[in-house]
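Take a look at the structure below.
Please read these numbers as outputs of a predicted model, since none were measured by experiment. Values below: all heavy atoms of this structure, side chains included; hydrogens, waters and symmetry mates excluded.
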Amino acid sequence: MPSTSHIVPLFVGDARLCKQASDELLRRHRIYVQPINFPTVPRGTERLRLTPSPLHDDGMMADLTSALSDVWHRLRLQAAA
């Protein structure tokens, strides 16, 4: 999803799956990513909110990418086209 700030939204599109993805990332991979659900965003646009910083190094980014791939596969989430 486009963003005009340092926050990187990652579209999920389902409140239950958004929360579940956040929980799985924390439980399985020890990575906290905040789920953003209604009423903060409209229903059907639920997303994860990634907030990278200068303290996140290349190894952490690689771990996040791998963890997201694992969770997306486990939950059968759609990858963006």
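- Taken from CD in Glu24 to CG in Leu17, the straight-line distance is 10.5 Å, to the nearest 0.5 Å.
- Looking at His56, its side chain does come within 3.5 Å of a backbone N or O of Ser53 through a donor-acceptor pair.
- In summary, the side chains of Thr45 and Arg47 do present a donor paired with an acceptor at a separation below 3.5 Å, with no hydrogens or angles considered.
- Note on Leu50 and Val41: separate hydrophobic clusters, where clusters join Ile, Leu, Val, Met, Phe, Trp and Tyr whose side-chain heavy atoms are under 4.5 Å apart, directly or indirectly.
- Atoms CZ and CG, from Arg16 and Asn37 in turn, are 11.5 Å apart once rounded to the nearest 0.5 Å.
- With rounding to the nearest 0.5 angstrom, the CG atom of Leu25 is 5.5 Å from the CG atom of Leu68.
- Side-chain contact between Ser22 and Leu48 is present, with heavy atoms from C-beta onward closer than 4.5 Å.
- Atom CZ of Arg27 has more than 12 neighbouring heavy atoms from other residues, nucleotides or ligands inside a 6.0 Å radius.
- Shortest non-hydrogen contact noted between Leu77 and Ala21 is CD1-CB, 4.5 Å.
- Each of Leu64 and Ile36 belongs to its own hydrophobic cluster when Ile, Leu, Val, Met, Phe, Trp and Tyr are linked at side-chain heavy-atom distances under 4.5 angstrom.
- Between Val71 and Arg28 there is no side-chain heavy-atom pair separated by less than 4.5 Å.
- For the 3.5 Å distance criterion, the side chains of His29 and Asp63 fail to qualify, holding no donor opposite an acceptor.
- For Asp58, the CG atom counts as loosely surrounded, since its 6.0 Å shell holds 12 or fewer non-hydrogen atoms of other residues, nucleotides or ligands.
- Of the possible donor and acceptor atoms, one in the side chain of Glu46 sits under 3.5 Å from a partner among the backbone N and O of Asp14.
- Nearest heavy-atom pair across Cys18 and Val12 is N-CG1, 3.7 Å.
- Side chains of Thr51 and Arg49 form a contact here, defined as non-hydrogen atoms less than 4.5 Å apart.
- Closest heavy-atom contact between Phe11 and Trp72: O-CZ2, 3.7 Å.
- Proximity of a side-chain donor or acceptor of Thr65 to a complementary backbone N or O of Met61 within less than 3.5 Å is detected.
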